[in-house]
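See structure below.
Heads up: numbering here begins at 1 and tracks the sequence. All ligand and atom numbering here is 1-based and tracks the order in the structure. Heavy-atom basis, side chains included; hydrogens, waters and symmetry copies ignored.
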Amino acid sequence: MSLPATIEYVNGKVILLDQTRLPLEKVFLEIPDAQTMWEAIKVLRVRGAPAIGGAAAFGLWLGVRKIGDAATRSEFLEQLQTVRDYLATSRPTAVNLFWALDRVNTAAKNSNLQTAGELKALVLEEALAIQREDVEMCRAIGEHGANELEQILPAGSSILTHCNAGALATMGLGTALAPVYVALERGRAIHVFADETRPLLQGARITAWELHEAGVPVTLITDNMAATVMRGPSINSSDGLKVGAVIVGTDRVAANGDFANKIGTYGVALLARAHGIPFYVAAPSSTIDLNTPNGEEIEIELRDREEVTSFGARVTAPEGIQVFNPAFDVTPGNLVTGFITERGVIRAPYLETLAGF
Ligand code: MRU
């Protein structure tokens, strides 16, 4: 199975796969400083909640690595805080961004290290630990998710996913797609319907690409085809394949089980409920935000109008038209069959089960 690395740290260099160039080109970029990392997160060269967290952690290191070794502890911590606050402005919705920035910042503050040289090494070590742990969490999500699919997914049926919560959204196997990869390792090839995911086509450009590269059977559909595909093969709509489960990722899970994910996820959840299809959300613990009581409190990123008024380079809407472009929506927890986490599948009542997580 060949899965691309989103972020690599090699010989003192931080390298990103530029996801804006997929699927036409596989371009790797060296990120020299925190400003370039901020831009890479903002324009989605690196995207997906866990990968954004990892990128931000390495961005912190890039922002402090040139501080002279002779600088004092307080000078270092002040600069670290400034870079932390700056990177935190890149995107608002994925809690992993803030989780990673705060984890690194707090580790430095809580240490007894006195020299900038030692503190820099600690920041890098923490970023590398976040990356290593993400790999492990994705693997565990994949194992638990594959076990669940073995129980509930009828032989020969498909899953449907929205946006990209695969390897390219993380630093490991992915979240929503990890069960599919683990099932493949176990000898079961699960067919995936990938929603195209307007406006930026993460489903078409990224999910379809990574599944295809990994040898997973995948069928790309536009977002408005999901209802027809879920209704089933009787109308000859989907190569005879029935959707047995939906699995998506998430950018933030609130304490009551409401969660934010790519715009369109809420509609997919409603469709799954209408068709009696189990709807799962795959998420590492770094995406569960018990400080946010419910979905209404999740800040939803609004993005540029051009993403909606054009399709790639081609303008597709009248000049000056009003546009609404939220990057994410919130799905109520009551539509979720279970959260597939690295510690197992969490089921309702979420206010209780997530609190004990
Ligand atoms: O705008 P994006 O591409 O960062 O949105 C990504 C998603 O919505 C993913 O589904 C989410 O981050 C989960 S990633 C494991």
Side-chain angles (χ1 to χ4, degrees), residues 3 6-7 16-22 40-56 90-100 134-135 137-142 145 159-181 192 194-210 223 246-253 259-269 279-289 298-304 307-308 325-331 336 339-342:
L3 292 173
T6 48
I7 306 171
L16 292 186
L17 172 62
D18 183 352
Q19 298 190 34
T20 63
R21 310 281 283 269
L22 293 173
I41 295 171
K42 183 77 186 170
V43 306
L44 316 191
R45 297 189 201 288
V46 59
R47 30 71 47 206
I52 292 173
S90 54
R91 294 189 79 188
T93 304
V95 71
N96 308 61
L97 175 83
F98 308 96
W99 170 86
D134 190 57
V135 171
M137 286 195 285
C138 288
R139 163 62 57 182
I141 287 170
I159 68 143
L160 183 143
T161 193
H162 190 73
C163 193
N164 174 267
L168 284 162
T170 67
M171 292 169 282
L173 279 181
T175 60
L177 298 185
V180 174
Y181 294 132
V192 179
D195 282 355
E196 170 189 54
T197 318
R198 270 290 283 162
L200 293 179
L201 308 182
Q202 286 92 333
R205 293 186 303 103
I206 301 175
T207 298
W209 181 79
E210 79 160 77
D223 299 345
V246 173
I247 314 181
V248 297
T250 172
D251 287 78
R252 192 185 293 243
V253 182
F259 74 96
N261 193 45
K262 179 55 56 193
I263 188 74
T265 302
Y266 176 36
V268 173
F279 180 92
Y280 293 94
V281 181
S285 49
S286 52
T287 311
I288 296 171
D289 178 15
I298 301 176
E299 184 180 345
I300 299 296
E301 176 184 8
L302 291 173
R303 293 186 63 88
D304 288 349
E307 293 179 354
V308 175
N325 185 19
F328 302 96
D329 59 23
V330 171
T331 300
V336 179
F339 288 92
I340 306 170
T341 74
E342 75 270 23

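Sorted by chain then number, the residues whose non-hydrogen atoms approach ligand 1 to under 4.0 Å are R47, G48, A49, P50, R91, C163, N164, A165, A169, T175, Q202, G249, T250, D251, N261, K262, F328.
Between atom CG of residue D329 and atom OG1 of residue T93 there is a gap of 10.5 Å, rounded to the nearest 0.5 Å.
Between the S90 side chain and the K42 main chain, no donor and acceptor come within less than 3.5 Å of each other. Not a single donor-acceptor pair under 3.5 Å links the side chain of E307 to the backbone N or O of N325.
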Exercise for the section: Applying side chain to side chain contact (heavy atoms under 4.5 Å, CB included), run through E210 and L22 and close with a yes or a no. Expected result: CA-CA 10 Å; E210 79 160 77; L22 293 173; over 6 Å; no

Exercise for the section: Go through M137 and M171 one step at a time and tell me if the side chain to side chain contact (heavy atoms under 4.5 Å, CB included) criterion holds. Expected result: CA-CA 10 Å; M137 286 195 285; M171 292 169 282; over 6 Å; no

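Here E196 does not pair with R198 in a salt bridge; the nearest charged N to carboxylate O distance is not below 4.0 Å.
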